[in-house]
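Quick note: residue numbers are just sequence positions, from 1.
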Amino acid sequence: YHNGIYRFIYSTCSLNYLYSINIKLECMRELKNHPSADQLDSYDKYPCYYGDDLELVYTPKQSVFTLWAPSAGNVRLNLYSSGEGGKPEEQIEMEMADDGVWRTRVNRDLKGSFYTFQIEKDGKWLDETPGIWAKAVGINGNRAAVIDWNATNPEGWESDRAPELKMYSDIILYELHHRDFSIDPDSGIEYKGKFLALTEPGTQTPDGQSTGIDHLKELGVTHIHILPSFDFSTIDETSLEENSYNWGYDPKNYNVPDGSYSTDPANPVARIREFKEMVKSLHEKGFRIVLDVVYNHTASTEHSNFNLTVPGYFYRHNSDGSYSNASGCGNETASEREMVRRYIIESVKFWAKEYHIDGFRFDLMGIHDIETMNRLREELLKIVNESNSIAILPLIDRMIFLETKLEELEKLPMIRINAENPSQQKATPAAKQYREFLQQYTNVVKIVARISDDNGDQQESPLRAWARERGMDCAC
């Protein structure tokens, strides 16, 4: 069995002939939940896929490629030997699978190779894309890369933990742009404008003033908010000597560090390892890291990786079919659609777990629907029990605040009686506010109860420690 085809090999001993019979898999098994493109007349009808194998699952023996593209007529995998230039060394037609995905398998070691996907829509082949779930890319992010993820971890990465945070109100947050922070000729920093600039201690100006991370420690900073660090669109990584500049609010590949901040943009491993080295160094120096994320729009619309994979689905549209533009950037993503919601949540979780990011600042968060943000918060809180990377203290502080407000409101009158007609009674403003705070408190308690026992008996979670110190039942 290979690439959706069963091959039966029969050898006759006398003649040594080989006969190969190819039987298409779809002829033998009916696909589940993969409607034809002409049946997808509404985005609500697009099937959803919840497997954890989207994009690429690599081992030295084989690589399995999986793309969610339910509206595609055909899908092709292109394999390259380099991250830019040249023609594909091999093109493989992918096979339909369940739930709107396409899949193929390559039975050899592809480490060091690059690849793209390409879909056929309405009889036309669209431009190539590294895939929306790409986690490693070549220069300028146009091709995804096959890497060994073990090679991306700096020494001691497994034991990396965020520094302790006793109270949410202790946070002193510093917003930082990687290039701005270290690019000055007098910064005394070797890796100017790079992730690694945040790994250099002891840097000074020519007149002896502290720079870099030492300066941040002098300021008393506890949290570093790094501006967008994913792979963004506008900087040409092949000509960084031209001194191009951008804040990074033009997303291209959401799950990969930007190459312009690495020492070698053409090396897919370098940007990942150097980002991790930065995180580890900051944790060791007592800083937590907040990552600025921009899921509300993409830099390009028609040629975005979203539209080159599932045209139209990831964006909101006006009644005339044009793109809605609440972001002011030409488009806005449709977080209320199930696979868009899943993409945002899984992407943020990936940064939290793979890169040990401690918190997230959402650009234009009001564009996203509330349900997505609530689900995302719950998923991140679960990660607390796997590492110390994400603080649960904001949730605890919120509980304390609401408890205090409820106690204050309980002392106020809740009913207003009409003096002329005592039978007429109305709720006071305090009563209305009490109900609102009580509902908020109930929601917080539900989240707490949901995660309180996830850690089992292995070790005491931050939530359990907080509750124990206050003589509280952790399940509230």
List the atom pairs, with distances to 0.1 Å, where a side-chain N or O of residues 138-148 and a protein N or O form a donor-acceptor pair under 3.5 Å, not counting sequence neighbours.
{"unit_1": "N140", "atom_1": "OD1", "unit_2": "E237", "atom_2": "N", "d": "2.8"}
{"unit_1": "N140", "atom_1": "ND2", "unit_2": "D236", "atom_2": "OD1", "d": "3.0"}
{"unit_1": "N142", "atom_1": "OD1", "unit_2": "K252", "atom_2": "NZ", "d": "2.6"}
{"unit_1": "R143", "atom_1": "NH1", "unit_2": "S82", "atom_2": "O", "d": "2.9"}
{"unit_1": "R143", "atom_1": "NH1", "unit_2": "G85", "atom_2": "O", "d": "3.0"}
{"unit_1": "R143", "atom_1": "NH2", "unit_2": "G85", "atom_2": "O", "d": "3.2"}
{"unit_1": "R143", "atom_1": "NH2", "unit_2": "G86", "atom_2": "O", "d": "3.4"}
{"unit_1": "D148", "atom_1": "OD1", "unit_2": "N150", "atom_2": "N", "d": "3.1"}

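Every residue two or more places apart in sequence or in another chain that forms a side chain to side chain contact (heavy atoms under 4.5 Å, CB included) with K192 is listed here: I183, S187. Remark: E120 engages N74, W125 in a side chain to side chain contact (heavy atoms under 4.5 Å, CB included) (not counting sequence neighbours). Partners of T211 according to the side chain to side chain contact (heavy atoms under 4.5 Å, CB included) rule, which considers only residues two or more places apart in sequence or in another chain, are I189, T203, T205. For Q91, the side-chain hydrogen bond (donor to acceptor under 3.5 Å, both in side chains) partners two or more places apart in sequence, or in a different chain, are N78. Scored by the ring-ring contact (aromatic ring centres under 6.0 Å, His included) test, F275 finds F195, W351, Y355 as partners (sequence neighbours excluded). Considering only residues two or more places apart in sequence or on other chains, R179 meets the salt bridge (charged side-chain N to carboxylate O under 4.0 Å, His left out) condition with none of them. Looking at residues two or more places apart in sequence or on another chain, you find no side-chain hydrogen bond (donor to acceptor under 3.5 Å, both in side chains) involving S233. Residues satisfying the side-chain hydrogen bond (donor to acceptor under 3.5 Å, both in side chains) test with N296, not counting sequence neighbours, are D363. Residues that satisfy the side chain to side chain contact (heavy atoms under 4.5 Å, CB included) test with H317, not counting sequence neighbours, are Y43, Y315, Y323, R337. Residues forming a side-chain hydrogen bond (donor to acceptor under 3.5 Å, both in side chains) with H178 (at least two apart in sequence, or on another chain): S229. Remark: D258 pairs with no residue by the salt bridge (charged side-chain N to carboxylate O under 4.0 Å, His left out) rule, at least two apart or across chains.
The distance between the ring centers of F114 and Y80 does not fall below 6.0 angstrom. Side-chain rings of W68 and Y313 approach one another, their centers coming within less than 6.0 Å. Between F306 and Y343, the ring center distance clears the sub-6.0 Å criterion.
Salt-bridge annotation for R342 and E338: absent, with no side-chain N of the basic residue lying under 4.0 Å from a carboxylate O of the acidic one. A salt bridge is absent between R375 and E378: the closest approach of a Lys/Arg side-chain nitrogen to an acidic carboxylate oxygen does not fall below 4.0 angstrom. Between R103 and E95, none of the side-chain N atoms (NZ, or NE/NH1/NH2) sits under 4.0 Å from a carboxylate O, so this pair counts as no salt bridge.
Exactly one of K276, K280, H356 qualifies for a side chain to side chain donor-acceptor pair (under 3.5 Å) with D160. That residue is H356.
Between T66 and W133, the closest side-chain pair of non-hydrogen atoms is not below 4.5 Å.
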